[in-house]
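Reviewing the structure listed below.
Only this structure's heavy atoms are used, side chains among them; waters, hydrogens and symmetry mates stay out. A, B, ... follow the sequence lines: proteins, then strands. Residue 1 opens every chain.
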Amino acid sequence: MAISHTMNWPKDHRIMANIQKRIESILSSAVVAAFGQEHADADPLINPTKDPKFGDYQANLAMGLAKKVGQKPRDIATTIVENINEPEFFEKIDIAGPGFINLTLTQNTINDSAENILGDLDRLAIAKTEDKQTVVVDFSSPNVAKEMHVGHIRSTVIGDALARIFDFLGHDVIKQNHVGDWGTQFGMLIQYMDEMPDEDKAAHESGQGDTLNTIYQKSKKRFDEDADFATRARERVVALQAGDEDTLAVWQKLVNESETYFDSVYKRLGVSLTLENIKGESFYNPMLAKVIEDLKTADLLKVSQGADVVYPEGFKDRDGNPMPMIVRKSDGGFLYATTDLAAAHYRIEDLKSDRIVYVTDSRQSQHFAMVFQTLREAGWAPFNVRLDHVPFGTIMGKDRKPFKTRSGETIKLVDLIDEAESRAIKILADKNPDMDEAVAKDVAHTVGIGCLKYADLSNDRIKDYIFDWDRMLSFDGNTAAYLQNSYVRCMSIFRRGEIDPASLAGAKIMAVEAAERLIVLKLLQLPNVLQSVADSLEPHRLCNYLYELASLYHSFYEKCPVLKSEGETKTSRLALCLLTATTISHGLALLGIDTPEQM
RNA sequence: GUACCCGUAGCUCAGUUGGAUAGAGCAGCUGACUUCUAAUCAGCAGGUCGCAGGUUCGAAUCCUGCCGGGUACGCCA
């Protein structure tokens with residue numbers, strides 16, 4: 001009987017699939033057995049090794065234990081190894097260097113682990129979290145009446161990926177699109193629309209005339225140039241805030257039109273946001289007065305130069321004095337800080353969130369730090385509620401200045417999408433001229449949008465990055481096209497061999513070649529990678545992982561013939577192809593990126 | 001002026017939260033296509049990890065101070 005059947009696996013096959021956790025638990029037990037219960041909390045510091053010559057995993061805790069225990073690290077490592085009670089799990093255990101414990105898994109452990117994933121392709125044997133949280137993800141947040149532009153893409157794409165990953169890990173995700181649907185700018189906009197000639201209005205509504213964006217720009221121009229108009233516009237702001245019915249009706253129309261437009265952009269981008277996720281600034285209007293009141297009750301509210309402010313602890317202005325955060329202007333108006341406080345309060349109290357994640361650009365870091373601090377001081381965000389700002393850098397042109405058109409204008413998001421698709425069409429026509437035209441268009445959409453989004457996700461988000469069409473659409477390197485192609489290549493084997501992937505259910509896997517073993521080891525890392533994305537809020541870690549997996553697959557493809565092999569070897573290799581393909585497409589899906597069936 | 005972020009190969013970027021000889025892609029060079037693949041693979045070359053200290057058995061990673069770049073600092077969001 002195979003050793004695997006005698007092993008003491010946990011009952012839940014998904015927990016079992018997380019080999020690294022399993023090794024951590026084995027090593028922890030060994031440490032307790034060797035040095036006592038007081039070391040039960042010591043992190044065994046298990047990591048996949050960088051080089052196969054060090055085995056599959058390494059445990060790095062012996063060096064750190066040296067001082068606490070008063071022994072030499074290598075001796076400690078030896079004692080730990082002697083106390084490992086599941087030697088059948090490991091083929092080989094070596095002690096190297098200052099006290100690294102190098103662990104090599106047995107062939108059976110490798111094979112069983114891979115088979116386990118094969119038996120659960122929907123979740124790739126990844127367990128849902130045992131610590132389920134309600135996570136609010138605040139992202140995208142475009143402004144009503146304005147066109148979405150290049151500046152919106154990062155928040156939208158990063159936020160969507162994070163929401164998908166939280167959801168997959170088993171959390172309750174509440175997506176919130178905090179659209180800018182309120183503010184003084186609506187006064188001039190509404191007034192301008194009111195004064196528009198009927199035929200212009202009709203043209204606009206039929207989609208033939210000026211877009212909302214253009215109307216916005218014209219109204220701003222008029223506001224700046226025409227003092228009488230400006231006065232009427234200001235009166236409109238007052239009317240809007242006072243709840244004047246006619247004014248509100250125009251406002252509502254603007255909002256609805258914009259939201260329909262946002263929705264169309266999200267659909268083209270393949271972003272999971274819907275109209276139901278929209279909770280604009282106006283939603284919090286009725287709560288703002290109460291925010292001020294509660295701040296006063298909490299004794300946090302101060303008056304400075306006629307404005308209501310709070311002084312969150314730990315912030316100093318340029319003169320070294322406490323730095324205020326204005327929550328009500330001297331004219332009585334509220335600000336975005338007030339709205340953010342109200343929104344957070346609502347999310348914690350009404351939505352019952354355990355964690356709030358704000359995906360906005362890094363320039364707002366200080367703002368959110370002050371808002372978070374105020375929420376803590378006011379007691380609205382207890383310390384078991386986690387608040388995260390997810391800052392990201394600017395998209396730069398090749399000149400290292402913020403990405404603009406040649407004439408210096410802001411780039412519309414839809415233009416970016418159009419160009420991604422048209423460039424993808426050209427590339428595909430060049431590489432695969434025989435493809436059916438309708439199919440090619442479809443594939444170009446998947447590849448073009450995929451590459452556009454992946455470029456945003458694959459960089460460390462905190463850094464500015466340089467936008468380069470050629471690089472992002474390249475089939476070489478860390479791009480969506482490379483990963484999508486890897487998937488297509490995996491699956492084309494099944495087509496060519498006329499094999500139904502479903503026939504591999506329950507297949508036996510024997511990852512004996514070095515290249516095969518490396519793939520399985522990489523597959524086993526996925527749960528840890530996803531967890532690290534959820535902790536760090538850095539989707540590029542998943543991108544790197546997928547790229548490494550795809551690279552390993554290409555090496556395997558080179559060294560290990562699949563269709564030309566026979567019998568059990570062939571079945572096993574087909575299974576590895578299927579596992580790789582599924583992991584790549586699933587991983588891309590978690591990033592909000594689709595996978596074509598051919599390229 | 002204060003705070004935060006960034007600085008890694010010619011270029012664009014990773015570096016598993018402190019681990020072993022710092023890795024990819026592009027560009028350059030060398031090989032491999034009647035093949036499940038050239039939309040790729042194997043390899044060569046390319047480094048003062050901005051600089052200087054410090055902590056540590058061990059630092060690109062943590063701390064301090066400089067240098068350079070960016071961003072934010074009262075009634076916009």
Worksheet, complete the sentence: Ranking B/C75, B/C5, B/U12 by distance to the side chain of A/Ser330, first place goes to B/C75
Item to complete: With C1' as the reference atom in both, quote the distance from B/C63 to B/A24 in angstrom, rounded to an integer.
Response: 31 Å
Worksheet item: With a 3.5 Å cut-off and just heavy-atom distances, do the side chain of A/Asn102 and the base of B/A20 make a donor-acceptor pair?
Response: yes
Worksheet, complete the sentence: Testing B/A77, B/C57, B/C73 for proximity to the side chain of A/Gln366, the answer is B/C73
Discussion item. Does A/Ala369 reach a base, just sugar-phosphate, or nothing at all? Heavy atoms under 4.0 Å.
Written reply: nothing
Worksheet item: A/Glu538 side chain to A/Ser532 main-chain N or O, any donor-acceptor pair under 3.5 Å?
Response: no
Fill in: salt bridge (charged side-chain N to carboxylate O under 4.0 Å, His left out) contacts in which one or both residues fall within residues 300-312 of chain A, not counting sequence neighbours
A/Asp308-A/Arg328
Worksheet item: Which value, rounded to the nearest 0.5 Å, describes the distance between A/Leu45 atom CG and A/Leu61 atom CG?
Response: 6.0 Å
Worksheet entry | A/Arg328 vs A/Asn47, nearer the 5' end of RNA chain B by closest nucleotide | A/Asn47
Discussion item. Below the 4.0 Å mark, does B/C76 have OP1 or OP2 next to a side-chain nitrogen or oxygen of A/Lys329?
Written reply: yes
Practice prompt. Assign each of A/Arg471 and A/Lys53 to its nearest nucleotide of RNA chain B by heavy atoms, then name whichever residue's nucleotide is nearer the 5' end.
Written response: A/Arg471
Contacts under 3.5 Å, N or O only, protein and nucleotides 26-36 of chain B:
| residue | atom | partner | partner atom | Å |
| --- | --- | --- | --- | --- |
| B/U35 | O3' | A/Lys564 | NZ | 3.0 |
| B/C36 | OP1 | A/Lys564 | NZ | 2.5 |
| B/C36 | O2' | A/Tyr557 | OH | 2.9 |
| B/C36 | N3 | A/Val562 | N | 3.1 |
| B/C36 | N4 | A/Tyr557 | O | 3.4 |
| B/C36 | N4 | A/Cys560 | O | 3.2 |
| B/C36 | N4 | A/Pro561 | N | 3.0 |
| B/C36 | N4 | A/Val562 | N | 3.4 |

Practice prompt. Name the orientation class of the two ring planes belonging to A/Tyr358 and A/Phe368 (parallel below 30°, tilted from 30 to 60°, perpendicular beyond 60°).
Written response: tilted
Worksheet item: B/C6 and B/U61: how far apart are their C1' atoms, nearest whole angstrom?
Response: 15 Å
Fill in: Whether A/Ser572 side chain and A/Glu568 backbone form a donor-acceptor pair below 3.5 Å
no
Worksheet item: Any N or O donor-acceptor pair linking the side chain of A/Gln58 to the base of B/A20 at under 3.5 Å?
Response: yes
Worksheet item: What is the nucleic acid contact for A/Leu335, judged by heavy atoms within less than 4.0 Å: base, sugar-phosphate only, or nothing?
Response: sugar-phosphate
Practice prompt. Taking only the side-chain heavy atoms of A/Lys463 (C-beta and beyond), determine which of B/C6, B/A39, B/C41 contains the nearest atom.
Written response: B/C6
Worksheet item: Are the ring of A/Tyr482 and the six-membered base ring of B/A39 within the stacking cut-offs of under 5.5 Å and under 30°?
Response: no
Worksheet item: Ring of A/Tyr547 versus six-membered ring of B/A24: centres under 5.5 Å and planes under 30°?
Response: no
Discussion item. Work out how far the C1' atom of B/C33 is from that of B/C41, and round it to whole angstrom.
Written reply: 11 Å
Response to the item:
Judged by whether its glycosidic angle lies within 90° of 0, B/U71 is anti
Discussion item. Determine whether A/Met472 and A/Thr479 satisfy the following criterion, side-chain contact (heavy atoms from CB on, under 4.5 Å), listing intermediate values before the conclusion.
Written reply: CA-CA 6 Å; A/Met472 87 169 58; A/Thr479 67; 5.8 Å; no
Response to the item:
What one should report as the nearest heavy-atom pair of A/Ile493 and A/Cys577 is CD1-SG, 3.8 Å
Discussion item. Taking ring pair (Phe, Tyr, Trp, His ring centres under 6.0 Å) as the criterion, tell me which of A/Trp251, A/Tyr284, A/Tyr336 meets it with A/Trp182.
Written reply: A/Trp251
Worksheet item: So what does A/Arg318 touch, heavy atoms closer than 4.0 Å: a base, only the sugar-phosphate, or nothing?
Response: base
Worksheet item: So which nucleotide from B/G15, B/C41, B/G19 ends up closest to the side chain of A/Asn60?
Response: B/G19
Worksheet item: Are any of A/Lys50's side-chain N or O atoms less than 4.0 Å away from OP1 or OP2 of B/G19?
Response: no
Worksheet item: So what is the 5' to 3' dot-bracket string for RNA chain B, if pairs are Watson-Crick or G-U wobble with both distances under 3.5 Å, crossing pairs use [ ] and | means the partner sits on another strand?
Response: (((((((..((((.....[...)))).(((((.......))))).....(((((..]....))))))))))))....
Fill in: Ring-face cation of A/Arg489 near A/Tyr553 (centre distance under 6.0 Å, axis angle within 45°)
no
Item to complete: Report which part of the nucleic acid A/His367 touches: base, sugar-phosphate, or nothing (heavy-atom distance under 4.0 Å, all strands).
Response: nothing
Practice prompt. May I ask you to say what A/Met323 touches in the nucleic acid, namely base, sugar-phosphate or nothing, with a heavy-atom cut-off under 4.0 Å?
Written response: sugar-phosphate
Worksheet item: Charged N to carboxylate O below 4.0 Å: is that the case for A/Arg363 and A/Asp361?
Response: yes
Item to complete: Please state the C1' separation for the pair B/U34 and B/G28 - nearest whole angstrom.
Response: 31 Å
Worksheet, complete the sentence: Per the glycosidic torsion and the 90° limit around 0, nucleotide B/G74 is syn
Discussion item. Within the 4.0 Å heavy-atom criterion, would you say A/Met599 contacts the bases, only the backbone, or no part of the nucleic acid?
Written reply: base
Discussion item. Using a strict heavy-atom distance below 4.0 Å, which residues from residues 451-460 of chain A are in contact with RNA chain B?
Written reply: A/Asn459, A/Asp460
Practice prompt. Please identify each residue that fulfils ring-ring contact (aromatic ring centres under 6.0 Å, His included) with A/His152, with sequence neighbours left out.
Written response: A/His149
Discussion item. Going by side chain to side chain donor-acceptor pair (under 3.5 Å), name the pairs with one or both residues in residues 43-53 of chain A, residues two or more places apart or in two chains.
Written reply: none
Discussion item. Distance check, P atoms only: B/G54 and B/U17, in whole angstrom units.
Written reply: 27 Å
Discussion item. Under 4.0 Å, counting only non-hydrogen atoms across every strand here, what does A/Gln185 touch: a base, just sugar-phosphate, or nothing?
Written reply: nothing
Response to the item:
Rounding to 0.5 Å, atoms CG (A/Asp535) and CG (A/Leu530) come to a distance of 11.0 Å
Item to complete: Could you give me the CA-CA distance, side-chain angles and deciding distance for A/Asp430 and A/Lys426, then say whether salt bridge (charged side-chain N to carboxylate O under 4.0 Å, His left out) is met?
Response: CA-CA 6 Å; A/Asp430 192 43; A/Lys426 273 189 202 150; over 6 Å; no
Discussion item. So if I take every side-chain heavy atom of A/Pro48 and compare against B/U16, B/C57, B/G74, which nucleotide ends up nearest?
Written reply: B/U16
